[in-house]
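What follows is a short report on a single structure.
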Protein chains: 2
Amino acid sequence: MSQIQQASIQNRLLRALTSDDFSRLQPHLETMTSQLREDLIEAGEPIKELYFPEVGFASIVIDGLAQKIEVGLVGREGLVGAAPLLLGTDCTPQQSFIQMAGTLLRIDAGVLRIAAQESTSLRTLLLRYIHTQMIQASLTIYAHAALKLESRLARWLLMCHDRVDGDELVLTHEFLAMMLGVQRAGVTLALQNLEGAGRIQGRRKRIRILDRDKLLQLVNGSYGAAEAEYARLIGGA
Amino acid sequence: MSQIQQASIQNRLLRALTSDDFSRLQPHLETMTSQLREDLIEAGEPIKELYFPEVGFASIVIDGLAQKIEVGLVGREGLVGAAPLLLGTDCTPQQSFIQMAGTLLRIDAGVLRIAAQESTSLRTLLLRYIHTQMIQASLTIYAHAALKLESRLARWLLMCHDRVDGDELVLTHEFLAMMLGVQRAGVTLALQNLEGAGRIQGRRKRIRILDRDKLLQLVNGSYGAAEAEYARLIGGA
DNA sequence: ATTTTTTGGTTCGATGGCGAACAATAATTT
DNA sequence: AAATTATTGTTCGCCATCGAACCAAAAAAT
């Protein structure tokens with residue numbers, strides 16, 4: 001039974017906890033590795049466990065009649081399952097699964113629910129995180145309603161980049177297309193544009209971010225506000 | 001100083017309160033009329049008051065650089081300002097304003113914040129409402145990403161219809177276009193299609209809902225889940 | 001009653017993304 | 001090494017929506 005030290009943790013929420021709150025959760029955190037496309041939370045199923053990503057990240061999607069569309073991204077800044085648990089429901093019509101494999105810290109839902117009831121500081125922190133998720137969702141609405149594919153793609157690459165170590169994203173055009181709700185060929189073309197302008201560099205199953213600033217010039221205000229709220233309410237990187 | 005009776009209230013959240021919680025809030029509720037396009041909460045400004053719509057409803061929008069896009073709708077099922085207040089922030093990058101004029105019950109933010117701290121049942125109810133807002137936002141993402149204008153319009157009309165008395169919506173094509181993030185001419189054409197199929201009937205500044213079922217056939221799963229969550233977690237109409 | 005403003009109807013070319021193929025290349029399996 | 005599969009590149013016609021006008025009708029203002 002290895003002791004997990006707060007200082008050695010990647011997850012920004014766990015790092016932002018008071019040491020009291022951390023001590024409360026620490027005995028219940030279990031390290032696990034995640035597999036690509038592994039389901040963490042299934043739509044309509046009772047939530048038994050929540051997951052603090054340490055490396056890699058998850059997608060929250062809504063499964064419409066036609067397609068699965070991504071409505072949120074949870075990496076080391078977050079907690080998978082936070083919203084349903086803290087907002088008082090045991091299940092949700094959304095689904096969460098691993099989008100980039102890595103490691104997670106798993107915690108039992110009941111334990112976390114009680115901890116959040118007992119500790120105001122823990123509850124406040126997690127609710128603030130949920131606020132940043134709502135802002136993120138608002139901007140996703142804006143992006144889909146107002147922006148062209150190339151801009152939405154730039155936004156998505158930036159959000160992805162924030163959640164990995166290094167500059168290389170491992171994912172296929174096919175998958176990107178699914179998340180953004182467009183066809184795969186369109187993603188290929190948009191990526192080629194971005195690559196031509198020196199913003200990224202693509203290889204098979206890999207996209208390397210070369211120039212964040214140039215990507216930021218494309219996003220038309222759809223990136224940044226949620227991240228600013230996170231910094232303001234929860235804390236620095 | 002007129003006493004407001006819980007039984008005579010339209011707002012579904014207030015009706016769903018325990019009588020203890022209602023008694024706690026009741027002395028602080030002030031009836032006011034709302035004007036079309038009146039700002040209730042401004043982006044980036046401290047939130048001083050919250051509003052329970054009784055008649056009419058408000059829009060939550062996010063103001064990107066180019067356009068204002070609607071990200072939420074708050075009528076008598078909700079509370080304007082609930083999310084920022086309960087999630088622990090005094091301001092938010094979103095803006096809320098009256099979309100259909102009517103009456104509101106206003107309450108001081110500090111009073112409500114303290115009441116929510118002291119009463120678990122009140123806090124739980126409001127957090128559950130926020131959950132339904134998040135589901136609504138998820139489906140809005142889905143609608144913008146996956147559906148054509150006619151379907152999104154049908155969805156919006158249904159959500160609107162849920163929040164008014166009677167079958168007549170008072171709003172202009174111009175305004176609808178702004179909320180949906182499309183051009184006005186497109187709205188006119190889509191409304192003509194809906195009208196031709198006997199689903200609605202349009203007059204100047206007025207849209208009458210004739211056949212909800214036929215509208216439901218168009219929405220492709222983008223309407224219903226949030227309303228179901230509301231019914232499940234908060235209660236019937 | 002006349003003028004002005006607001007709202008809705010209509011049309012035009014331009015274009016972004018769809019839908020559907022099929023080819024080319026890299027990775028994986030046998 | 002050969003065969004198979006997964007991934008990416010490319011193209012073509014099509015359609016929804018854009019962007020931009022302009023007009024008609026209704027309401028509001030004078």
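Residue numbers begin at 1 in each chain, while the letters A, B, ... track the order of the sequences.
- Note: CD (A:E174) to P (C:dT25) measures 20 Å, nearest angstrom.
- In this model, no side-chain donor or acceptor of A:R184 finds a partner on the base of C:dG19 within 3.5 Å.
- To the nearest angstrom, C1' of C:dG9 lies 14 Å from CG of B:N193.
- The CD atom of B:Q183 sits 18 Å away from the P atom of C:dT7 (whole-angstrom rounding).
- Residue B:L171 contributes atom CG, which lies 18 Å from atom P of C:dT6 at whole-angstrom precision.
- Bracketed by its first and final contacts, the part of DNA chain D lying under 4.0 Å from non-hydrogen atoms of chain B reaches from D:dA16 to D:dA27 in 5' to 3' order.
- Between the C1' atom of C:dT6 and the CG atom of B:L36 lies a distance of 14 Å, rounded to the nearest Å.
- Put simply, B:H173 has no side-chain N or O that comes within less than 4.0 Å of OP1 or OP2 on C:dT6.
- Nucleotide C:dT6 holds its P atom 10 Å from the NZ atom of B:K205, rounded to whole Å.
- Rounded to whole Å, atom P of C:dG17 lies 17 Å from atom CG of B:L147.
- Distance from the side chain of B:R204 is smallest to C:dT7 among C:dT10, C:dA20, C:dT7.
- Toward the 5' end of DNA chain D, the nearer of the two residues B:G186 and A:R203, judged by each one's closest nucleotide, is A:R203.
- With values rounded to the nearest 0.5 angstrom, A:T140 atom OG1 is found 5.5 Å from A:M159 atom CE.
- B:L149 comes within contact range of the sugar-phosphate backbone alone, with a heavy-atom separation under 4.0 Å but no base atom that close.
- Residues A:A185 and B:L189 each lie close to DNA chain C; by heavy-atom proximity, the contact nearer the 5' end of the strand is made by B:L189.
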